[in-house]
Amino acid sequence: MKLLNILCLFFVFNNFCYSQGETSEKIHTSEIIFLNDSHLKSTIKRIMKKDSLCQTKSVQWSIEIMKNDIILITKYSLENFIASKGITNIYTTVIDDKFLFLSTKKNIDGVFTKSGYSVDLTSFIDKGNFSTIDYSFWVIQKKGDKKYKIIKEKKYACNN
């Protein structure tokens, strides 16, 4: 009977550890997606071109889809982006050889296509970037099916 209890305890412990390993892998990855909307892609490219002279180390482009077809484009420290948005709501895409990180809780089908592949963001988890740099941002509003308009823009000077 003692042996049976020990085996049951071992089985439960082993199963718990396996579940923890699976969970931690999912929490530290971001699914790679592709941007299908050519109009949104060209708007983002124009924004990136406007800010091309401002090269800031350790920050990446981010896209946040907000309510009522409002999209926020900015540069953000990935560590802080993950801390504020939560890793489960972050996707990764590439435009013109630049990584962009998308945060949304909404359905991304139609505008984005999921690839089924993920990128490991373990090195950015539980870290922070405490710089005091103000990053430029753009607010885009979707007008109709295929038109995007920049409705607000705030550009900060670079300290290169």
Side-chain angles (χ1 to χ4, degrees), residues 20-143 145-160:
Q20 290 291 329
E22 270 190 343
T23 303
S24 66
E25 182 179 327
K26 290 180 184 176
I27 290 174
H28 295 95
T29 61
S30 170
E31 186 169 4
I32 298 170
I33 57 175
F34 301 105
L35 179 55
N36 296 330
D37 190 324
S38 61
H39 301 286
L40 178 57
K41 188 182 284 187
S42 66
T43 302
I44 293 171
K45 284 181 179 183
R46 280 195 329 264
I47 289 170
M48 294 170 108
K49 190 174 182 179
K50 286 182 182 184
D51 199 54
S52 64
L53 297 177
C54 188
Q55 301 298 322
T56 312
K57 293 180 182 178
S58 74
V59 294
Q60 290 77 24
W61 285 97
S62 67
I63 305 169
E64 186 173 353
I65 298 177
M66 305 167 91
K67 60 184 175 182
N68 300 328
D69 295 329
I70 301 292
I71 301 169
L72 175 67
I73 309 287
T74 188
K75 286 185 176 177
Y76 214 102
S77 137
L78 185 54
E79 298 91 340
N80 295 352
F81 194 62
I82 291 170
S84 68
K85 306 300 177 194
I87 188 73
T88 57
N89 300 320
I90 295 180
Y91 299 92
T92 305
T93 192
V94 177
I95 296 177
D96 284 350
D97 298 330
K98 293 176 181 68
F99 283 99
L100 286 91
F101 295 92
L102 168 74
S103 171
T104 185
K105 293 182 182 178
K106 296 181 179 186
N107 188 352
I108 62 168
D109 294 337
V111 177
F112 295 93
T113 302
K114 293 182 176 183
S115 70
Y117 295 98
S118 295
V119 61
D120 183 9
L121 299 178
T122 304
S123 61
F124 298 98
I125 304 293
D126 296 329
K127 295 184 180 169
N129 181 335
F130 301 105
S131 67
T132 57
I133 298 170
D134 290 318
Y135 301 114
S136 301
F137 68 88
W138 294 261
V139 178
I140 301 171
Q141 184 173 26
K142 186 175 182 179
K143 302 276 189 176
D145 284 341
K146 297 184 177 185
K147 187 170 179 174
Y148 293 87
K149 181 180 178 184
I150 298 172
I151 59 173
K152 185 170 185 173
E153 176 179 65
K154 180 64 177 170
K155 288 184 70 178
Y156 291 98
C158 295
N159 295 328
N160 291 349

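Along the sequence shown, the residues carry numbers beginning at 1. Here the structure is a predicted model, which means the values were calculated and not measured.
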| message | Are Ile44 and Asp96 packed together at the side-chain level, in the sense that at least one heavy-atom pair is separated by less than 4.5 angstrom? | response | no
| request: Could you check if a side-chain atom of Thr93 sits within less than 4.5 angstrom of a side-chain atom of Ile32, using non-hydrogen atoms only? | output: no
| field | Test side chain to side chain contact (heavy atoms under 4.5 Å, CB included) applied to Ile71 and Leu40, Leu102, Val139, the passing residue | value | Leu40
| request: Could you pull out all residues at least two apart from Asp37 that satisfy salt bridge (charged side-chain N to carboxylate O under 4.0 Å, His left out)? | output: none
| Distance from Lys147 atom NZ to Lys149 atom NZ, nearest 0.5 Å? | 7.5 Å
| message | Ignoring hydrogens, what is the shortest heavy-atom contact between Val94 and Leu100? Give both atom names and the distance. | response | C-CD1, 4.5 Å
| By side-chain contact (heavy atoms from CB on, under 4.5 Å), which residues pair with Phe34, not counting sequence neighbours? | Ser115
| From NZ (Lys75) to CE (Met48), nearest 0.5 Å | 8.5 Å
| field | Thr43 side chain reached by Ile73 side chain, heavy atoms, under 4.5 Å | value | no
| field | Atom pair CD1 (Ile70) and CD1 (Ile140), whose distance is rounded to the nearest 0.5 Å | value | 9.5 Å
| request: Would you name the heavy atoms of Glu31 and Ser118 that are closest together and state the gap between them? | output: CA-OG, 3.9 Å
| field | Thr74 side-chain N/O to Ser136 backbone N/O, donor-acceptor pair under 3.5 Å | value | yes
| note | The reported gap from CD1 in Ile65 to CZ in Phe112 (rounded to nearest 0.5 angstrom) is 5.0 Å
| message | Quick check: do Phe101 and Leu121 have side-chain heavy atoms less than 4.5 Å from each other? | response | yes
| message | So, using side-chain hydrogen bond (donor to acceptor under 3.5 Å, both in side chains) as the criterion, who are the partners of Lys154 when residues are at least two apart? | response | none
| query | Going from OG1 on Thr29 to OH on Tyr91, what distance comes out if it is rounded to the nearest 0.5 angstrom? | reply | 11.0 Å
| task | Kindly compute the distance separating OH (Tyr148) from NZ (Lys41), expressed to the nearest 0.5 Å. | result | 12.0 Å
| query | Taking the side chain as C-beta and beyond, is there a heavy-atom pair between Phe99 and Val119 under 4.5 Å? | reply | no
